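Here is the structure we will look at.
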2 protein chains.
Amino acid sequence: MVSIVSVAKAAGVSNKTVSRVINGEPHVTEDTRERVEKAIRDLGYIPNMAARQIRSSRSNTFGIITDYVSTTPYSVDIVRGIQDWANRHGKSILMANTGGLPEREAEIWKMFQSHRIDGVLYVTMYHRVVDPEAGDVSIPTVMINCRPHTSELLPSIEPDDFQGARDLTRYLLERGHRRIGYIRLNPILLGAELRLDAFRRTVKEFGLAESDLSIRLGMEGPVGAEENYVFAAATEMLQQKDRPTAIMSGNDEMAIQIYIAALTSGLRIPQDVSIVGFDDFRTVSLALKPELTTAALPYYDLGFQGAEWLNSVISEEMVRASRRVISCKLVERASVCAL
Amino acid sequence: MVSIVSVAKAAGVSNKTVSRVINGEPHVTEDTRERVEKAIRDLGYIPNMAARQIRSSRSNTFGIITDYVSTTPYSVDIVRGIQDWANRHGKSILMANTGGLPEREAEIWKMFQSHRIDGVLYVTMYHRVVDPEAGDVSIPTVMINCRPHTSELLPSIEPDDFQGARDLTRYLLERGHRRIGYIRLNPILLGAELRLDAFRRTVKEFGLAESDLSIRLGMEGPVGAEENYVFAAATEMLQQKDRPTAIMSGNDEMAIQIYIAALTSGLRIPQDVSIVGFDDFRTVSLALKPELTTAALPYYDLGFQGAEWLNSVISEEMVRASRRVISCKLVERASVCAL
DNA sequence: TTGTAGGCGTTATCAC
DNA sequence: GTGATAACGCCTACAA
């Protein structure tokens with residue numbers, strides 16, 4: 001493998017000079033610089049990160065530790081956001097996922113440390129509260145799409161489920177809907193409570209009574225193996241005499257079943273029932289016809305800003321834990337009509 | 001940072017002895033070994049991969065280079081398969097994606113080389129033919145879900161789209177369907193041709209005439225910004241006088257639109273129309289009611305076996321390029337009925 | 001069974 | 001502006 005020494009020889013300079021050129025340090029004649037650069041090109045020299053790291057004790061690598069993210073369709077955009085930030089700033093990404101197993105998590109932290117990564121992004125697939133097994137170690141960490149269980153130990157960056165659901169609810173109210181159905185997300189998800197809470201409050205502020213609402217549980221049980229009541233709940237809801245004129249779905253995926261339930265019941269969307277989702281999981285929200293009005297979970301930004309934040313935590317060594325929130329933009333499409 | 005030297009001092013032995021213990025080499029008294037291990041625990045020593053790598057010129061790291069995989073819901077399971085293999089075998093994963101930009105691809109190869117990764121897994125989101133910009137370098141590489149453009153330069157591992165579509169077609173034929181509709185995948189995807197070809201041949205072998213078939217294009221144009229004709233095509237197909245009794249969908253996602261088209265046209269699934277998908281993208285195939293019968297793309301296995309293969313290419317230094325294919329298992333659910 | 005010396009590819013230090 | 005030399009943490013080779 002061609003090293004800095006071979007380049008130095010080829011260019012007829014010392015290795016330190018080559019190092020200077022590589023790192024863009026000053027105090028090198030334009031002439032020498034060019035000779036060195038030519039040698040680098042000729043020999044196809046590529047710096048060895050491992051060696052560099054040994055000296056500088058900086059790996060320029062971030063670790064991503066996920067539960068199932070890399071595994072699930074929903075939040076992959078977080079990873080994309082991180083990657084984009086990383087390669088704009090010359091960082092590399094080491095990635096591992098726990099598959100939900102705590103013992104794996106411990107191994108991963110060890111692996112990360114053995115690579116002397118500069119920091120960790122702790123990412124979850126669903127917005128939730130977690131207990132990172134980090135333990136003893138004090139690697140700078142930023143949590144993405146989740147928050148630490150034990151108080152505010154670590155910085156975290158999360159979607160604003162509350163605001164998203166509030167905007168969606170207002171959107172329906174402003175369009176004249178007064179009987180609104182709501183099919184709930186699995187309660188073990190943090191978003192479930194936040195969204196439902198936003199819905200309830202907004203509707204109340206607007207003066208609707210609890211009896212105008214029809215709230216059903218869509219799913220429950222462990223993620224990945226949940227009981228699914230969505231289709232049944234929607235069907236039942238829509239066959240009531242005073243059926244809602246609009247339904248808020250816990251998320252876009254559940255909206256598929258609501259669409260099918262509505263159509264099967266002979267109702268047209270949106271003329272007979274309006275439907276809104278949550279997430280803007282485009283594989284679904286754009287495949288549904290009419291296309292689904294929904295609130296977009298800011299996954300990409302969560303990742304991008306999370307990486308940026310981690311970087312500043314690392315360099316400024318300020319570990320002031322705090323919580324940041326990114327808003328969910330309402331995406332208006334065709335599944336809602338005004339009354 | 002605590003190094004091998006500090007451990008040696010603490011244990012009152014030489015650094016070489018510590019090295020022996022760490023690497024499980026023989027010729028160490030049980031007594032010394034215990035002393036060293038205690039020191040390691042006490043000091044919280046973790047080996048430095050970078051330093052190790054410099055000596056051994058083996059990084060024990062694989063690079064994953066993707067187009068949009070990490071970005072899209074479909075094939076994330078490939079990444080999970082790779083990760084699972086990797087951590088069962090003590091390898092780390094360095095990950096980057098090109099976002100489809102060739103210039104990014106070149107940078108990524110450079111980044112990989114600077115980390116002296118042992119091998120590369122070149123992964124695409126859709127089954128397709130590609131032209132890796134690897135170029136000059138000779139890092140061991142295995143292609144996953146794609147194949148090299150220029151002959152058989154690199155080993156590749158791919159799903160058996162043909163077999164999957166054939167099995168699905170037979171499944172319909174065996175259940176008495178004789179008028180079958182087919183809504184095609186975007187033709188720029190490799191799977192589009194393979195699946196359609198399998199459909200046509202199987203149906204012909206069975207003795208059906210071209211006139212029993214109704215084949216429409218579902219999508220076309222650049223991936224991510226395609227024209228979508230699925231809903232219109234399905235609606236039209238289902239409102240013919242001699243409408244098909246079954247429809248094969250290019251994939252599960254497109255099946256959403258076919259379901260909606262059928263229901264909107266007042267048809268019941270599967271009593272009036274049977275529908276099959278492709279991919280087993282479970283977010284969709286399980287959300288549809290009745291649940292979708294489909295062929296499962298073996299993403300996880302693609303990843304797992306790809307990683308394994310790469311490893312053997314690296315260690316046996318056998319770069320014999322060849323193509324492997326993994327079958328798509330038929331997943332029977334409730335969207336088809338026998339006539 | 002254990003230890004010493006040297007070197008991997010870098011960068012830091014300090015002298016020229 | 002440039003270079004010799006040491007040092008980072010580990011492993012290999014060889015010696016004791």
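Chain naming here is simple, since letters A, B, ... match the order of the sequence lines and numbering starts at 1 in each. Note that the structure is a prediction, hence the values are computed from the model and not measured.
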> What residues, two or more places apart in sequence or in another chain, satisfy side chain to side chain donor-acceptor pair (under 3.5 Å) together with S327(A)?
Replying inline: none
>> Measuring only between side-chain heavy atoms, which start at C-beta, is Y122(B) closer than 4.5 Å to E105(B)?
In response: yes
>> Holding to salt bridge (charged side-chain N to carboxylate O under 4.0 Å, His left out), I want the full list of residues that pass it with K9(B), two or more places apart in sequence or in another chain.
In response: none
> Mapping I54(B) and H27(B) to their closest nucleotides on DNA chain C, which lands nearer the 5' end?
Replying inline: H27(B)
> Among residues 12-25 of chain B, which contact DNA chain D at a heavy-atom distance under 4.0 Å?
Replying inline: K16(B), S19(B), N23(B)
> So, is T32(A) close to the dG1(D) phosphate, meaning a side-chain N or O under 4.0 Å from OP1 or OP2?
Replying inline: no
>> Applying side chain to side chain donor-acceptor pair (under 3.5 Å), can you list everything that pairs with D160(B), at least two apart in sequence or on another chain?
In response: none
> By salt bridge (charged side-chain N to carboxylate O under 4.0 Å, His left out), which residues pair with R128(A), not counting sequence neighbours?
Replying inline: D67(A)
>> Rounded to whole Å, how long is the line connecting atom CZ of R55(A) with atom P of dC8(C)?
In response: 16 Å
>> Just to be sure I understand the rule, does S57(A) reach a base, reach only the sugar-phosphate, or reach nothing, if contact means heavy atoms closer than 4.0 Å?
In response: nothing
>> Would you say S56(B) places a side-chain N or O within less than 4.0 Å of OP1 or OP2 belonging to dC10(D)?
In response: no
>> Which residues pass the salt bridge (charged side-chain N to carboxylate O under 4.0 Å, His left out) test with E25(A), not counting sequence neighbours?
In response: K16(A)
>> Can you pull out the residues from residues 33-52 of chain A that lie within a 4.0 Å heavy-atom distance of DNA chain C?
In response: Y45(A), I46(A), P47(A), N48(A), A51(A), R52(A)
>> In this structure, how many angstroms lie between the P atom of dT12(D) and the CZ atom of R58(B), rounded?
In response: 13 Å
> When the C1' atoms of the five terminal pairs at each end define the local axes, what inter-axis angle does the helix from dT1(C)-dA16(D) to dC16(C)-dG1(D) show, to 10 degrees?
Replying inline: 40°
> Residues in side chain to side chain donor-acceptor pair (under 3.5 Å) with T29(A), at least two apart?
Replying inline: T32(A)
> Going by the salt bridge (Lys or Arg N to Asp or Glu O under 4.0 Å) test, which pairs reach into residues 114-127 of chain A, not counting sequence neighbours?
Replying inline: R58(A)-D118(A)
>> Under the rule for salt bridge (charged side-chain N to carboxylate O under 4.0 Å, His left out), what residues qualify as partners of R35(A), not counting sequence neighbours?
In response: D31(A)
> Can you check the Q53(B) CD to dC10(D) C1' distance for me, whole Å?
Replying inline: 12 Å
>> Could you work out, with side chain to side chain donor-acceptor pair (under 3.5 Å) as the rule, every residue matching E158(B), not counting sequence neighbours?
In response: H127(B), R147(B), S156(B), R323(B)
> Yes or no on salt bridge (Lys or Arg N to Asp or Glu O under 4.0 Å) for E107(B) and R104(B), after CA distance, side-chain angles and deciding distance?
Replying inline: CA-CA 5 Å; E107(B) 285 171 30; R104(B) 272 289 302 140; 2.8 Å; yes
